[in-house]
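First the proteins, then the strands, lettered A, B, ... as listed; each starts at 1.
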Amino acid sequence: MNLSEIIDGLNNEQSQSVTLNDAQSALILAGAGSGKTRVLTHRIAYLVTQKNLHIDAILAVTFTNKAANEMRERLNVLLRRPIRSMWVGTFHGLAHRLLRTHPAEANLRPQFQILDQQDQYRIIKRLMKENQMDESKFPVRKVQWFINQQKDEGIRPNDIEVGYNFFIKKSLEIFKLYEAHCNANDLIDFAELLVRSYELLKNNPVLLTHYQTRFAHILVDEFQDTNTMQYKWIKLLFDGNNKVFCVGDDDQSIYGWRGAKIENITKLETDFAPIQTIRLEQNYRSTGNILNASNALIANNSNRMGKSLWTDAGDGELIDLYEARTETDEADFVISTIQKHLDNGASANECAILYRSNAQSRGFEERLIKYNIPYIIYGGLRFFERAEIKDALCYLRLMETTADNVAFERVVNFPTRGIGAATVEKIRGFARENQTNLFQAATNIASTLPTRAANALVAFTQLIEQMQDDTKHLDLSEKVAHLIKASGLITHYSNDKTDKAGSKTANLEELIAAARQYNHEEDNDMSETLGFISLASLDSSGNTNAPPTQNVQLMTIHSAKGLEFPYVFLTGMEEDLFPSRQSKDEPHLMDEERRLCYVGMTRAMKKLSLSFAIKRFLHGQSIYAHPSRFLSEIPSKYLNQIKQKYGATSKNYQKDDSFNQDIAPQANGELSIGRTVKHAKFGFGTVLNFEGNGDSARVQIKFKTAGTKWLISTYANLEFV
DNA sequence: ACAATAGGGATTTTT
DNA sequence: TCCCTATTGT
């Protein structure tokens, strides 16, 4: 492979990045749609083919499995050689690989298991219950959040100063118990993968030197999304002799709430000095209008590293901005516009409906069903997170290692077999006292129990042993197929009346297929089964390169990051919804909302449509909303504002028309939310909300002294102050 | 063991 | 309003 093959079709900056001296570290500030994945993979190809770098000397890190798989595929094509041994993967996947390779040095038994969010939640919940913590005062989610937050920062319980904060004090107690529990049961949660592998290297200078020397080049994707531990992890592997190549875009940092530190990208310049910064500003995705509008929006953020995207693709169409009366009206606009695109020959999967929060999908879904347009909603439970799949996997885990307590707890009485809470509690007690696992405890304790429970328990342990025996010589997928039947799961789910579509049994069938497709890489000590189980935890998507289907795509803006669509509808552009209410008081949160908006807008290739509703039904009540501030940050010359009622598609025109023009803020300028009014009896107050029309029009007012009231406006005789 | 019911909470979720 | 969880009743 020669150089021209690698840099063919790259622009100046891209090719400069790719062919940078191999003794040089680099930060590539890659704007949306500027071809960053291409630069990253071509850089690797350049190092391997032009600088004769061995593929084992490369460490390439991404955030998602999807990105990692994509990179592998592209490298396979580019390098025309197997790259199996190359360390390309997610932070978590690579950390996991380190721990599996050196379990003893990391103080782990080789059979350690990965805890996913759900498993973690269950454990924390049980620990809280056992310690009489009131869940209504201390929500499990919050405690789980607290623990993960600490771990993402590399903070261990002993590092935390107990202050006056009661929540922190109690959470810390649980944190300690949780850590002890995980250590006793060989459990590693997501954050622990990083912390533990970090400590592994930190405490083993020989190992550290080995990997520092081995990885001559460390390449990191989406650097703006790294959290503290991930940053420290990369920094530890960097000894100054090796080089980093980090790609990121500070304008697309949208995971700050999850611990991502946007500052990491600026810290690079000092911590990894000397490092050369290159900006990729030519956009190959969107039209000029979309790009200029996005640039104008993001310019409102402070502390940017600075970057301005351009395109030579031409202005394209203006951005539609639709003012809807209600969320139903908004859905009508979006769906009928999509219908027009379809009529003009577009395919459904070229259209994406994006929103800030999942709850907004419902209205669109209803319309899509009504107009018979195929769609797919992203979000919700992924394949390996589904209850029936987790059930089956827990049987698999128990068969692999009967000492797996998490798996034991989940399936000991599922499908129900007469082993109640009391029995399980006795098993736990015995296991605690005798320092053994639950399965062993169950075998030992059975004879001491009342006959009924004893029989049930013996039946269960024998079932597991029998399944182990029966599947000894079967391959992975046959094993899964066997366990689904033998455990009674398939019978249980086919009798499930709540699952009319039979999707649960279908999913179980799908699991057999997934096991068949799993290709095990024997680059570590894991058995095939253990490898499959780990994969299920680390990549819960269950995607086996699912072919793109002809569906309109509905998803949150967060999940749209990294994707692109010809037609994008960015919906619910209202204050308190987007930007979210929870972000309005904190400038740095507001900046993140704006970046999110920027991400959403820059997903669009040909046509972007923005929309907001004047009145939205949310959390069981109608709310009058103001257009998002982001809309006013987009210069109107890029916008095509549409205000009139869209089309005649709405059959519920009358019903929707509860918005009374007579009392609309636009109509008379008198009554509007936030307006101060005076009432003869209740005195001064502020208008919170209003609805209805004619004689039934009502106004909600928060009075200074009389509290909040709904008043019929025709009787209220309000005086505007 | 399961269905009916009540209560509380309701961004975003790469791993 | 809707959805998830916990509790209660059969």
Side-chain angles (χ1 to χ4, degrees), chain A residues 61-70 89-96 114-121 125 129 135-137 139-142 144-145 148 151-152 188-194 221-222 224-227 229-230 252-260 327 354-363 378-382 384-385 413-421 492 495-498 534-541 543 555-563 572 576-584 589 592-593 595-597 599-600 616-623:
Chain A
V61 196
T62 63
F63 274 84
T64 65
N65 291 292
K66 201 173 150 211
N69 294 336
E70 232 172 78
T90 63
F91 275 102
H92 298 266
L94 296 171
H96 178 235
I114 299 168
L115 273 188
D116 68 16
Q117 296 265 42
Q118 286 182 36
D119 299 333
Q120 189 188 40
Y121 180 91
K125 188 185 172 114
K129 202 166 234 170
E135 268 185 49
S136 56
K137 281 202 207 102
V140 185
R141 290 263 165 244
K142 288 250 171 74
Q144 183 183 24
W145 176 265
N148 286 331
K151 298 182 74 155
D152 282 344
I188 303 288
D189 61 40
F190 289 140
E192 187 72 23
L193 284 168
L194 290 164
D221 194 14
E222 306 271 24
Q224 76 283 352
D225 288 337
T226 50
N227 65 27
M229 266 329 290
Q230 289 160 340
Q252 292 188 70
S253 163
I254 54 173
Y255 284 104
W257 53 275
R258 257 178 132 233
E327 75 284 343
L354 308 183
Y355 34 76
R356 176 68 237 262
S357 72
N358 288 115
Q360 289 165 252
S361 67
R362 232 189 83 232
Y378 293 86
L381 286 186
R382 264 104 43 98
F384 284 118
E385 292 169 350
N413 197 33
F414 191 88
T416 44
R417 47 173 70 88
I419 302 171
H492 177 267
N495 293 336
D496 187 343
K497 277 162 272 167
T498 59
S534 299
L535 174 92
S537 317
L538 286 172
D539 182 3
S540 50
S541 66
N543 280 342
M555 66 188 87
T556 63
I557 307 167
H558 279 93
S559 11
K561 183 159 157 248
L563 305 176
D576 290 355
L577 189 60
F578 189 28
S580 150
R581 219 181 119 217
Q582 286 96 320
S583 301
K584 71 194 303 182
L589 293 180
E592 183 154 310
E593 295 282 324
R595 290 193 292 268
L596 188 59
C597 185
V599 167
R616 180 174 294 273
F617 198 68
L618 206 63
H619 301 324
Q621 53 179 339
S622 272
I623 313 272

Starting the side chain at C-beta, find the nucleotide from B:dT15, B:dT11, B:dA1 nearest to A:T64. B:dT15

Do the side-chain N or O atoms of A:S583 get closer than 4.0 angstrom to the phosphate oxygens (OP1, OP2) of B:dT11? no

So is the aromatic ring of A:F617 stacked onto the base of C:dT1, judging by whether the centres are under 5.5 Å apart and the planes are under 30° apart? no

So CG of A:N148 and CG of A:D189: to nearest 0.5 Å the spacing works out to 6.0 Å

Ignoring hydrogens, what is the shortest heavy-atom contact between A:G418 and A:N413? Give both atom names and the distance. N-OD1, 3.3 Å

With a 3.5 Å cut-off and just heavy-atom distances, do the side chain of A:Q117 and the base of B:dT15 make a donor-acceptor pair? yes

Measure the distance from CD on A:E327 to P on C:dC2 and round it to the nearest whole Å. 12 Å

Donor + acceptor pair across side chains of A:Q120, A:Q144 (<3.5 Å): yes

A:Q118 to A:L381 - nearest heavy-atom pair and separation: NE2-CD2, 4.2 Å

Sidechain N-carboxylate O distance under 4.0 Å for A:R382, A:D116: no

Which pair of heavy atoms, one from A:W145 and one from A:W257, lies closest together, and at what distance? CH2-O, 3.0 Å

For A:R595, which contact category applies under a 4.0 Å heavy-atom criterion: base, sugar-phosphate, or nothing? nothing

Assess whether a salt bridge exists between A:E327 and A:R362, defined as any Lys/Arg side-chain N lying under 4.0 Å from an Asp/Glu carboxylate O. no

Closest-nucleotide ordering on DNA chain B, the 5'-leading residue of A:G418 and A:W257: A:G418

A:D116 near the nucleic acid: base, sugar-phosphate alone, or nothing, with a heavy-atom cut-off under 4.0 Å? nothing

side-chain contact (heavy atoms from CB on, under 4.5 Å) between A:L596 and A:H558, worked out: CA-CA 7 Å; A:L596 188 59; A:H558 279 93; 3.6 Å; yes

Which whole number of Å gives the distance between the P atom of B:dT12 and that of C:dT5? 15 Å

It should be established whether A:R258 places a side-chain nitrogen or oxygen under 4.0 Å from OP1 or OP2 of nucleotide B:dT15. no

P spacing across the pair B:dT13 / C:dC4, given as an integer number of angstrom: 15 Å

For A:E222 and B:dT15, what is the distance between atoms CD and P respectively, to the nearest whole Å? 12 Å

Take the protein atom CD of A:E592 and the nucleotide atom P of B:dT11, then report the distance between them rounded to whole Å. 16 Å

If I take atom NZ in residue A:K584 and atom P in nucleotide B:dT12, what distance separates them, rounded to the nearest angstrom? 18 Å

Could you tell me the separation between the CE atom of A:M555 and the P atom of B:dT14, rounded to a whole number of Å? 12 Å

Separation of atom CZ in A:F63 from atom C1' in B:dT12, rounded to whole Å: 16 Å

To the nearest Å, how far apart are A:I557 CD1 and B:dT13 P? 10 Å

Strictly under 3.5 Å: I want the nitrogen or oxygen pairs between protein and nucleotides 7-10 of chain C, one per line.
none

Taking any heavy-atom pair under 4.0 Å as a contact, classify A:E593: base, sugar-phosphate, or nothing. base

Whole-Å gap separating P (C:dC4) and CZ (A:R141): 11 Å

Within the structure, does a side-chain N or O atom of A:R362 lie under 4.0 Å from either OP1 or OP2 of C:dC2? yes

So does A:T556 get a side-chain nitrogen or oxygen closer than 4.0 Å to the phosphate oxygens (OP1/OP2) of B:dT11? no

Would you say A:N358 places a side-chain N or O within less than 4.0 Å of OP1 or OP2 belonging to B:dA10? no

Among B:dT15, B:dT13, B:dT14, find the nucleotide with the atom closest to the side chain of A:F190. B:dT15

